[in-house]
Amino acid sequence: MAKNTPQAIRGTQDIFEEAEAFSFVVDTFERVRKLYRFRRIEMPVFERTEVFSRPLGETTDVVSKEMYSFEDRGGESLTLRPEFTAGIARAYLTNGWQQHAPLKVATHGPLFRYERPQKGRFRQFHQINAEILGAADPQADVELLAMADQVLRELGIEGVTLNLNTLGDPESREAWRAALVEYFEAHRGDLSEDSVTRLEQNPLRILDSKDRGDMALVKDAPTIDDYLTDEASSFFDSVTSGLDAAGVSWRRAPRLVRGFDYYRHTAFEFIPDEGSTAADALGSQSTVLGGGRYDGLMETLGGAHTPSVGWAAGIERLAMLVTASGKVSDNHLDAAIIPMTDAALAAALDLARDLRGQWQTVEIFGTGKIKRRMARADEAGALVAVLIGEDELSSGEVTVKDLHEGEQVRTAPSDVGDIVAKAQNAYYMRSWREQGIDIPDMDAWPDDLPDDFFANPEDRHRDFE
RNA sequence: GCGAUCGUAGCUCAGUUGGUUAGAGCGCCGGUUUGUGGUACCGGAGGUCGGGGGUUCGAGACCCCUCGAUCGCCCCA
């Protein structure tokens, strides 16, 4: 470690190797969110502390221990956002977004929690997020979940299923809570020390205790089904039948809960199946994507009753799974341009501009010995190397070498684009073959393509993606 | 906030019961090769051993403090 270099802040991460997977997650989310017409919103990274503290109420730990709060120069307490929902709710109220209700919004970015870093937990982390605001109808839950399901499928993540529960309306929830307290009170002596304090502070949380003894008790604890009102029950039925109709597979998770009072009805988490590759990568307890209905949130911020649902998913965690699935695009290099003398640099820059204009990836290797430049082109996985030296300059040509076949030709710079395109074809054919993908009959292609197919480089790029 | 383990070259690590100028592999730069990818061989650069203090004739190693990392617990919006 350099002695005079400042260190990064604890719990922050500099993402390098994983960044391509990270970007793939965000791009996929953006693409899918448009299919469902969720509107993109951008939110401030910090808010008045009360925006986040008021919805949480009296819970001491989260507010006092887990929030990244500080005073600004005016003495105002500010907090780096620990989640998206509260800030979005504040914006909904302060900007009069009620006029757009029901409003479907999506966003992503960094969040901050003052936590001890450990596996999969950082002080700055990143989430993708989707909300439907001002929608009391169970159809909103279904659409939101269908979108979440599609995001995961488009990411190529397998072995993760939707775990679903309902917390009912306030009446149902309160009755269930009372029954749980009564049940655990009767077994107080068998509860772990932590769960005894949970019994006082947040009894629902006993249901996801990690203590073995607690888990045994939890197995026989009352479930909410016996306490659901007719309204709450039919709401949940609508959600589940809607999911079935939408082709979203799910599993009932009667002990899945949310601790805070503003949650109502639907609560859900996408969790890796036991023994799946996703579970191996993250551990079977790790939630990949979670959310629920928070009908009671807006009131805590001084707004009118505004039923809403939302979910969030950790980008780092998804990126880990995506890396395992091998679906991330490799961003290979099409052409490495190698000017062999300083005089050739201008020609190299000119050709690079031309090729990049045709959506071909290009890098110029113009430093070090020629041998070294070639080696770098090879390491970068370039499909072709384009050599420009004194001979080429005097004849107005360039030398193009296919780095897989080893053959090279002298040609006019204007022909390089087509040569690279052919090399791209060969490249994709090779990679499909390696992946065991059925290769269509290439000979049939040129006749079927419109004459001007290659005239629009954007089309070509899209077709080969 | 509590607990455990760990910090040696850019990276992965070795370094004996405390003992002379702290090593290896990979990577980087150069040479054998004046305009061509690989391999091999040869050479080079690169460390106040996370930081501070202490014990000792002598500390990378032992003790204390501190910073950081990893993994748990609490918490999880």
Chemist: Give none if rU5(B) has no partner; otherwise give the nucleotide forming a Watson-Crick or G-U wobble pair with it, both distances under 3.5 Å.
Modeler: rA69(B)
Chemist: Per the atom types in the model, does the base of rC74(B) pair as donor or acceptor with the side chain of Lys65(A) at under 3.5 Å?
Modeler: yes
Chemist: In whole angstrom, what separates Arg123(A)'s CZ from rC75(B)'s P?
Modeler: 18 Å
Chemist: Which base, if any, makes a Watson-Crick or G-U wobble pair with rG46(B), both distances under 3.5 Å?
Modeler: none
Chemist: Partner lookup for rA40(B), please. Criteria are Watson-Crick or G-U wobble with both distances under 3.5 angstrom; report none if nothing qualifies.
Modeler: rU32(B)
Chemist: Can you tell which of rG1(B), rU36(B), rC76(B) lies closest to the side chain of Ile370(A)?
Modeler: rU36(B)
Chemist: Name the pairing partner of rC26(B), where a pair is Watson-Crick or G-U wobble with both distances under 3.5 Å, or state none.
Modeler: rG10(B)
Chemist: Using a heavy-atom cut-off of 4.0 Å across all strands, would you classify Glu392(A) as base, sugar-phosphate, or nothing?
Modeler: base
Chemist: Sticking with atom P, work out how far rC6(B) lies from rG50(B), rounded to a whole angstrom.
Modeler: 14 Å
Chemist: Tell me the interatomic distance from Arg116(A), atom CZ, to rC2(B), atom P, rounded to whole angstroms.
Modeler: 8 Å
Chemist: In this structure, how many angstroms lie between the P atom of rU34(B) and the CD atom of Glu390(A), rounded?
Modeler: 16 Å
Chemist: For the residue pair Thr79(A) and Glu47(A), confirm or rule out a side-chain donor-acceptor distance under 3.5 Å.
Modeler: no
Chemist: Round to a whole Å and report the spacing from CG of Asp194(A) to C1' of rG1(B).
Modeler: 13 Å
Chemist: Scan Lys369(A) against the nucleic acid and name what it touches under 4.0 Å (heavy atoms): base, sugar-phosphate only, or nothing.
Modeler: sugar-phosphate
Chemist: Tell me if the centroids of the rings in Tyr263(A) and Tyr294(A) come within less than 6.0 Å of each other.
Modeler: no
Chemist: With a cut-off of 3.5 Å and sequence neighbours excluded, list every side-chain donor-acceptor pair involving residues 179-186 of chain A.
Modeler:
unit_1: Tyr183(A); atom_1: OH; unit_2: Leu217(A); atom_2: O; d: 2.7
unit_1: Glu185(A); atom_1: OE2; unit_2: Arg188(A); atom_2: NH1; d: 2.5

Chemist: Can you list, by residue number, the residues of residues 102-112 of chain A that have a non-hydrogen atom closer than 4.0 angstrom to RNA chain B?
Modeler: none
Chemist: Tell me whether the side-chain N/O atoms of Lys371(A) come closer than 4.0 Å to OP1 or OP2 in rG38(B).
Modeler: no
Chemist: Examine distances only and state if a side-chain atom of Thr94(A) and a backbone atom of Arg90(A) form a donor-acceptor pair shorter than 3.5 Å.
Modeler: yes
Chemist: Checking side-chain polar atoms at under 3.5 Å, does Thr166(A) have a donor or acceptor matched by the opposite partner on Arg293(A)?
Modeler: no
Chemist: Return yes if a side-chain donor-acceptor contact under 3.5 Å exists between Thr107(A) and Asn129(A), otherwise no.
Modeler: no
Chemist: Atom CG of Leu204(A) and atom C1' of rC76(B): how far apart are they, to the nearest Å?
Modeler: 14 Å
Chemist: Using the P atoms only, state how far rG3(B) lies from rG60(B), rounded to an integer number of Å.
Modeler: 30 Å
Chemist: Could you identify the nucleotide paired to rC75(B), looking across every strand shown and requiring Watson-Crick or G-U wobble geometry with both distances under 3.5 Å?
Modeler: none
Chemist: Determine whether a donor-acceptor pair (one donor, one acceptor, N or O, separation below 3.5 Å) exists between the side chain of Glu379(A) and the base of rG38(B).
Modeler: no
Chemist: Any side-chain donor paired with an acceptor under 3.5 Å for Arg251(A) and Thr161(A)?
Modeler: yes
Chemist: Gly368(A) near the nucleic acid: base, sugar-phosphate alone, or nothing, with a heavy-atom cut-off under 4.0 Å?
Modeler: nothing
Chemist: Which value, in whole Å, describes the distance between the C1' atoms of nucleotides rU21(B) and rG25(B)?
Modeler: 22 Å
Chemist: What is the distance from CZ of Arg113(A) to P of rC74(B), rounded to the nearest Å?
Modeler: 17 Å
Chemist: Would you measure the distance from the P atom in rG23(B) across to the matching atom in rG46(B) and give it in whole Å?
Modeler: 14 Å
Chemist: Looking across every strand, which nucleic acid part, if any, lies under 4.0 Å from Asp402(A) by heavy atom: base, sugar-phosphate, or nothing?
Modeler: base
Chemist: P atom, rG10(B) versus rC73(B): distance in rounded Å?
Modeler: 35 Å
Chemist: How far, in whole Å, is rC42(B) from rC57(B) if one measures between their C1' atoms?
Modeler: 43 Å
Chemist: Ser192(A) and Asp211(A): side-chain donor and acceptor closer than 3.5 Å?
Modeler: no
Chemist: Taking OP1 and OP2 of rU70(B), is either one under 4.0 Å from a side-chain nitrogen or oxygen of Lys119(A)?
Modeler: no
Chemist: Any side-chain N or O of Arg10(A) below 4.0 angstrom from OP1/OP2 of rA69(B)?
Modeler: yes
Chemist: Should Arg372(A) be listed as having a side-chain N or O under 4.0 Å from OP1 or OP2 of rC29(B)?
Modeler: yes
Chemist: Let me know, please, whether Asp208(A) or Ala8(A) comes out on the 5' side of the other along RNA chain B by nearest nucleotide.
Modeler: Ala8(A)
Chemist: Would you sort out whether Arg113(A) and Glu66(A) count as a salt bridge (Lys or Arg N to Asp or Glu O under 4.0 Å), showing the intermediate values?
Modeler: CA-CA 6 Å; Arg113(A) 294 180 189 182; Glu66(A) 312 288 351; over 6 Å; no
Chemist: Checking Thr85(A) against Glu131(A): is there a side-chain donor and acceptor pair closer than 3.5 Å?
Modeler: yes
Chemist: Mind checking the C1' distance from rA59(B) to rC49(B)? Whole angstroms is fine.
Modeler: 11 Å
Chemist: Is a donor from one side chain sitting under 3.5 angstrom from an acceptor on the other, for Gln139(A) and Asp141(A)?
Modeler: no
Chemist: What's Phe125(A) touching, base or sugar-phosphate or nothing? Going by heavy atoms closer than 4.0 Å.
Modeler: nothing
Chemist: Tell me which nucleotide among rC76(B), rG3(B), rG37(B) gets nearest to the side chain of Met374(A).
Modeler: rG37(B)
Chemist: Among the candidates rU36(B), rC71(B), rC75(B), find the nucleotide nearest to the side-chain atoms of Gln118(A).
Modeler: rC71(B)
Chemist: In whole angstroms, how far is the C1' atom of rG38(B) from the NZ atom of Lys401(A)?
Modeler: 11 Å
Chemist: Going by purine N1 to pyrimidine N3 plus the second Watson-Crick contact, or the G-U wobble pair, all under 3.5 Å, which nucleotide sits opposite rA59(B)?
Modeler: none
Chemist: Counting just side-chain N and O atoms, does Arg121(A) come under 4.0 Å of either OP1 or OP2 of rG72(B)?
Modeler: no
Chemist: Any side-chain N or O of Arg198(A) below 4.0 angstrom from OP1/OP2 of rC74(B)?
Modeler: yes
Chemist: For Gln408(A) and rG35(B), give me the distance from atom CD to atom P, rounded to whole Å.
Modeler: 15 Å
Chemist: Write down the distance separating the C1' atoms in rG43(B) and rU5(B), rounded off to the nearest Å.
Modeler: 41 Å
Chemist: Scan Ala375(A) against the nucleic acid and name what it touches under 4.0 Å (heavy atoms): base, sugar-phosphate only, or nothing.
Modeler: sugar-phosphate
Chemist: Looking only at the side chain of Thr399(A) (C-beta and beyond, no hydrogens), which of the listed nucleotides rG35(B), rA69(B), rC74(B) gets closest?
Modeler: rG35(B)
Chemist: Tell me what Gly11(A) touches on the nucleic acid: a base, only sugar-phosphate, or nothing, going by heavy atoms under 4.0 Å.
Modeler: sugar-phosphate
Chemist: Hey, does the side chain of Gln7(A) come within less than 4.0 Å of rG68(B)'s phosphate (OP1/OP2), counting only N and O?
Modeler: no
